Amino acid sequence: MSVTKLNGLRLQRMIVAGANELHANKQAVDAMNVFPVPDGDTGTNMSLTMLAAARETEKGDALRVDEVTKRASGGALRGARGNSGVITSQILRGFAKGLEGLEEAGVKELTAAMEQGVKTAYKAVMKPKEGTILTVARACAESAVAESEKTDDIEVFLKAVLEHAHDVLNQTPDMLPVLKEAGVVDAGGRGLLYILEGALKHINSEEALKVAEPTQQTAKEYAALASVDNESITFGYCTEFFINVKNADDATVQQLKSYLGTIGDSIVCVSDDEIIKIHVHTDHPGLALEKALTIGSLSGLKIDNMREQHNNIIDFTASEKKTPVEEARAAQPVQEERPKKDIGFVSISAGSGLTAIFHNLGVDEVIEGGQTMNPSTEEILNAVDKINADHIFILPNNKNIILAAEQAAELSEDKKLYVIPTKSVPQGISAMFCYEEGADPEEMAEEMKEAITAVATATVTFAVRETTIGDKEIHEGDILGMLNDSIAVVGKDIAESTKELLAEAVTDESEMISIYYGADVTEEDAEALAAYVEETYPDCEVELQMGGQPLYYYIISVE
């Protein structure tokens with residue numbers, strides 16, 4: 001059957017199908033990581049972003065394509081994880097803008113929306129690189145322009161677009177030498193094509209699709225919830241809903257947030273054009289709903305009894321072995337409400353030791369995450385909302401989290417967010433040493449940005465697959481020493497590889513070496529390494545601390 005127009009219902013099914021297709025193939029996309037280290041999470045990040053978008057489209061029975069894409073865009077913006085997820089959300093955002101005011105869409109309208117999606121995504125990236133998801137997205141749009149002149153059959157149109165996009169994807173190794181060296185195509189670009197492939201498969205389907213469940217993420221959330229005693233759950237009902245309103249002004253949103261603060265906590269109040277999304281933990285969901293009804297109509301209502309969930313989940317997690325990240329998360333103390341302050345801090349970190357270090361340095365909220373577990377834009381906004389301060393600094397501590405943090409800064413309406421582009425935990429710690437109570441936030445932001453440039457980060461981990469990078473032949477299980485963003489050492493022994501890495505990282509100007517040992521390193525081995533460093537580099541002050549981070553044996557700061 002030839003399809004020449006998409007209505008909202010058909011487009012909604014295609015979005016869900018695309019999200020499910022990517023979810024089913026996320027591990028294949030993860031495996032395309034250029035470096036063979038255990039943080040290849042492009043597929044996971046894109047999948048979680050698309051699942052968030054797809055879940056939003058399930059809320060209500062929208063029959064217009066603009067309503068469906070608007071919901072998908074809003075879900076993706078707040079659910080975006082990692083750089084690939086943020087770029088995906090921006091593609092969807094532009095796509096939604098391109099379909100504004102439309103009840104149905106044919107190939108001409110879809111082409112215009114694709115072009116708008118590419119423009120929006122390119123604008124979101126400070127220094128766009130060719131050979132990435134951006135290139136593949138642009139190839140889709142360019143092909144769409146040509147094909148829209150040949151056919152009005154959307155299935156024929158999409159098949160041709162995909163064929164050309166696959167050709168361009170296969171050319172990405174010629175555009176980025178690191179891809180050719182690793183023997184892979186761009187992971188983000190491949191993820192994007194999985195989405196389109198899933199959508200194409202279901203273009204003629206009349207079957208109602210359900211959004212796939214992110215099983216691994218759910219298990220982690222269960223473990224985190226099970227770590228909280230019933231008595232520690234201050235407010236028992238997790239309440240979520242949308243307020244449908246036209247042109248909500250900042251004052252209305254702020255007044256609503258202030259009111260919700262009087263009846264609960266863990267508040268997220270995000271406005272996006274004609275929708276305000278609310279998340280609040282409260283003992284009185286009815287009061288929240290009554291207040292919201294004074295602003296607009298409600299949809300997507302979801303109320304969960306967290307105490308009941310906790311009791312049910314205890315049995316589930318008792319039989320599950322927790323990962324080191326989950327153990328660290330369970331060990332985190334419940335944060336009490338803090339008094340009003342001028343400046344607050346949010347930091348991303350994995351490992352109980354690193355979390356404690358950031359808290360000791362004055363960080364208000366530490367989000368457990370990092371390698372393989374990038375927090376979403378909404379999780380960052382949630383942490384921001386808990387801090388009673390007008391100026392809040394965010395330390396991503398991972399290059400793959402910076403874009404999500406910047407997106408949170410754009411969405412935050414009542415607080416000024418400063419994203420310090422820290423790419424590692426040592427850079428985040430160095431930035432915190434610039435904090436002075438009463439300092440001007442703008443000046444402090446500049447000082448932090450300057451301070452992090454003086455930090456060299458050395459990390460020791462293991463290879464998850466075989467590859468060749470430069471003159472280094474890497475086998476699965478090899479020990480890898482990373483200096484900033486490059487593989488400096490490949491070895492078989494953790495201690496010896498770490499010593500070789502330090503020889504590369506320490507210079508005559510180095511004054512301080514801080515060693516944070518991970519969850520898989522014994523205290524005895526860490527102390528032995530510290531003793532070696534003190535003896536080998538007598539001019540440097542050496543500091544040893546338990547980081548507790550998973551996957552990385554050592555994170556080392558050299559200043």
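Treat the numbers as computed from the prediction; the structure is a model and nothing was measured.
For the atom pair CG of Asp66 and CG of Leu102, the computed distance is 6.5 Å after rounding to the nearest 0.5 Å. Here the straight-line distance linking atom CD of Glu406 with atom CG of Asn83 works out to 9.0 Å at 0.5 Å rounding. To the nearest 0.5 angstrom, Cys140 atom SG is 9.5 Å from Leu158 atom CG. Residue Thr69 holds its OG1 atom at 10.0 Å from CZ of Arg64, rounded to the nearest 0.5 Å. Note: Lys416 NZ to His391 NE2 = 9.0 Å, rounded to the nearest 0.5 Å. Atoms CZ and CG, from Arg78 and Leu381 in turn, are 9.5 Å apart once rounded to the nearest 0.5 Å.
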Check step by step if side-chain hydrogen bond (donor to acceptor under 3.5 Å, both in side chains) holds for Thr355 and Glu368.
CA-CA 8 Å; Thr355 295; Glu368 288 290 343; 2.7 Å; yes
Before giving the answer on side chain to side chain contact (heavy atoms under 4.5 Å, CB included), spell out for Asp186 and Thr42 the whole-Å C-alpha distance, their side-chain angles and the decisive distance to 0.1 Å.
CA-CA 10 Å; Asp186 179 67; Thr42 298; over 6 Å; no
Could you go through Gln90 and Thr120, starting from their C-alpha distance and side-chain angles, then the distance that decides it, and tell me whether this counts as side-chain hydrogen bond (donor to acceptor under 3.5 Å, both in side chains)?
CA-CA 6 Å; Gln90 291 298 314; Thr120 303; 5.8 Å; no
Val346/Ile387 under side chain to side chain contact (heavy atoms under 4.5 Å, CB included): CA gap, chis, key distance, verdict:
CA-CA 9 Å; Val346 173; Ile387 303 174; 3.6 Å; yes
Start with the C-alpha gap between Glu58 and Gln12, add the side-chain angles, then the distance that decides, and say whether side chain to side chain contact (heavy atoms under 4.5 Å, CB included) holds.
CA-CA 8 Å; Glu58 288 187 321; Gln12 189 269 343; 3.8 Å; yes
Checking Thr422 against Asn397 for the side-chain hydrogen bond (donor to acceptor under 3.5 Å, both in side chains) test, could you report, in this order, the C-alpha distance in whole Å, the side-chain angles of both residues, the deciding distance, and whether it holds?
CA-CA 5 Å; Thr422 53; Asn397 301 334; 2.8 Å; yes
Show the numbers, then the answer: is there a side chain to side chain contact (heavy atoms under 4.5 Å, CB included) between Asn398 and Lys423?
CA-CA 4 Å; Asn398 185 302; Lys423 296 181 180 180; over 6 Å; no
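What you find for Ala404 and Thr377 is that their closest heavy atoms are O-OG1, 3.4 Å. Closest non-hydrogen pair, Met432 versus Leu361, comes out as CE-O, 3.2 Å. Counting all heavy atoms, side chain and backbone alike, Tyr122 lies closest to Thr135 at OH-N, 3.9 Å. Gln407 and Ala80 make their closest contact through NE2-CB, 3.6 Å (heavy atoms, listed as atom of the first residue, atom of the second, distance). In terms of heavy atoms, Lys210 sits closest to Asn20 at O-ND2, 3.0 Å. A pairwise comparison of heavy atoms in Glu379 and Ile367 identifies O-CD1, 3.8 Å as the closest pair.
No more than 12 heavy atoms of other residues, nucleotides or ligands sit less than 6.0 Å from atom CD of Glu436. Surrounding CG of Asp342 are at most 12 heavy atoms belonging to other residues, nucleotides or ligands under 6.0 Å away. Within a 6.0 Å radius of NZ in Lys415, other residues, nucleotides and ligands contribute more than 12 heavy atoms.
In summary, Lys341 and Asp390 do not engage in a salt bridge, as defined by a charged side-chain N under 4.0 Å from a carboxylate O. By the 4.0 Å N-to-carboxylate-O rule, Glu142 lies close enough to Arg138 to be salt-bridged with it. Arg190 has a carboxylate O that lies under 4.0 Å from a charged side-chain N of Glu197, or vice versa, which qualifies the two as a salt bridge. Of the charged side-chain nitrogens involved, none lies within less than 4.0 Å of a carboxylate oxygen, so that Lys386 and Asp364 do not count as a salt-bridged pair.
Between Leu200 and Leu162, the closest side-chain pair of non-hydrogen atoms falls below 4.5 Å. Side-chain atoms of Asn7 and Leu11, non-hydrogen and from C-beta on, never get closer than 4.5 Å to each other. Here the side chains of Pro396 and Val419 are in contact, with some heavy-atom distance below 4.5 Å. Contact annotation: the side chain of Thr44 never approaches that of Asn374 to less than 4.5 Å [non-hydrogen atoms, C-beta and beyond]. Looking at heavy atoms from C-beta onward, Leu287 lies in side-chain contact with Tyr259 at the 4.5 angstrom threshold. Between Ser557 and Thr457 the shortest side-chain heavy-atom distance does not fall below 4.5 Å. Met50 is listed as a side-chain neighbour of Leu92, based on a closest heavy-atom distance under 4.5 Å. A heavy-atom distance below 4.5 Å is found between the side chains of Ile295 and Leu256.
Checking side-chain atoms of Thr49 against main-chain N and O of Ala76 turns up no donor-acceptor pair under 3.5 Å. The backbone N or O of Val86 sits less than 3.5 Å from a side-chain atom of Ser89, completing a donor-acceptor pair. In this structure a side-chain-to-backbone donor-acceptor pair under 3.5 Å is missing from Ser412 to Ala409. Counting only distance, with no hydrogens or angles, the side chain of Asp30 and the backbone of Gly43 share a donor-acceptor pair below 3.5 Å. A donor-acceptor pair is defined here as one N or O able to donate and one able to accept, closer than 3.5 Å; such a pair exists between the side chain of Thr88 and the backbone of Ser84.
Evaluation of the side-chain contact (heavy atoms from CB on, under 4.5 Å) rule for Pro421 yields Ile402, Lys449, Ile452 as partners, not counting sequence neighbours.
Ring centers of Phe393 and Tyr435: at least 6.0 Å apart, outside the cut-off.
The side-chain contact (heavy atoms from CB on, under 4.5 Å) test with Leu179 singles out one residue from Val184, Thr132, Val185, and that residue is Val184.
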Name every donor-acceptor pair, under 3.5 Å, that has one atom in a side chain of residues 437-447 and the other anywhere in the protein, sequence neighbours excluded.
unit_1 : atom_1 : unit_2 : atom_2 : d
Asp440 : OD2    : Glu442 : N      : 3.1
Asp440 : OD2    : Glu443 : N      : 3.0
Glu442 : OE2    : Tyr418 : OH     : 3.2

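Taking the ring axis of Phe95 as reference, the NZ or CZ atom of Arg93 does not stay both within 45° of it and closer than 6.0 Å to the ring centre.
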